[in-house]
Amino acid sequence: MATDCDVCGVRFDLVSGGVCTRCKKILCARHLHGSFFRRLLVDLGAPSVCVACRSGGARA
């Protein structure tokens, strides 16, 4: 299943990206995780919080 990123508009497979638990935006892996290390943390159970929310730039 594919959808478009709410930030950049790129079409991506939902397996690589997802939804931010804070702002509820559907985001590609670049905007959701930002790095492989963060993606690994999410896969291991960390909350899926996007780059913008983690940096304090976006509020829900």
Each residue besides Leu44 in its hydrophobic cluster should be listed here, by chain and number; the cluster joins Ile, Leu, Val, Met, Phe, Trp and Tyr at side-chain heavy-atom distances under 4.5 Å.
Leu40
Is there a donor-acceptor pair closer than 3.5 Å between any side-chain N or O of Asp6 and the backbone N or O of Ile26?
yes
Is there side-chain contact between Ser16 and Arg39, with at least one heavy-atom pair below 4.5 Å?
yes
Measuring from atom NE2 of His33 to atom CG of Leu41, what distance do you get when rounded to the nearest 0.5 angstrom?
10.5 Å
Set of residues satisfying side chain to side chain contact (heavy atoms under 4.5 Å, CB included) with respect to Val49, sequence neighbours excluded
Cys20, Thr21, Arg22, Arg38, Pro47, Cys53, Arg54
Find the distance between CZ (Arg30) and SG (Cys5) and round it off to the nearest 0.5 Å.
8.0 Å
According to a 4.5 Å side-chain heavy-atom criterion applied to Ile, Leu, Val, Met, Phe, Trp and Tyr, with indirect links allowed, do Val19 and Leu14 form part of one hydrophobic cluster?
yes
Quick check: do Cys8 and His31 have side-chain heavy atoms less than 4.5 Å from each other?
yes
Spacing of CG belonging to Leu27 relative to CG belonging to Asp4, to within rounding of 0.5 Å
12.0 Å
Measure the SG-CZ distance between Cys28 and Arg11 for me, rounded to the nearest 0.5 Å.
13.0 Å
Would a hydrophobic clustering, with Ile, Leu, Val, Met, Phe, Trp and Tyr connected at side-chain separations under 4.5 Å, put Val7 with Leu32?
yes
Among all residues two or more places apart in sequence or in another chain, which pass the side-chain hydrogen bond (donor to acceptor under 3.5 Å, both in side chains) test with Asp13?
none
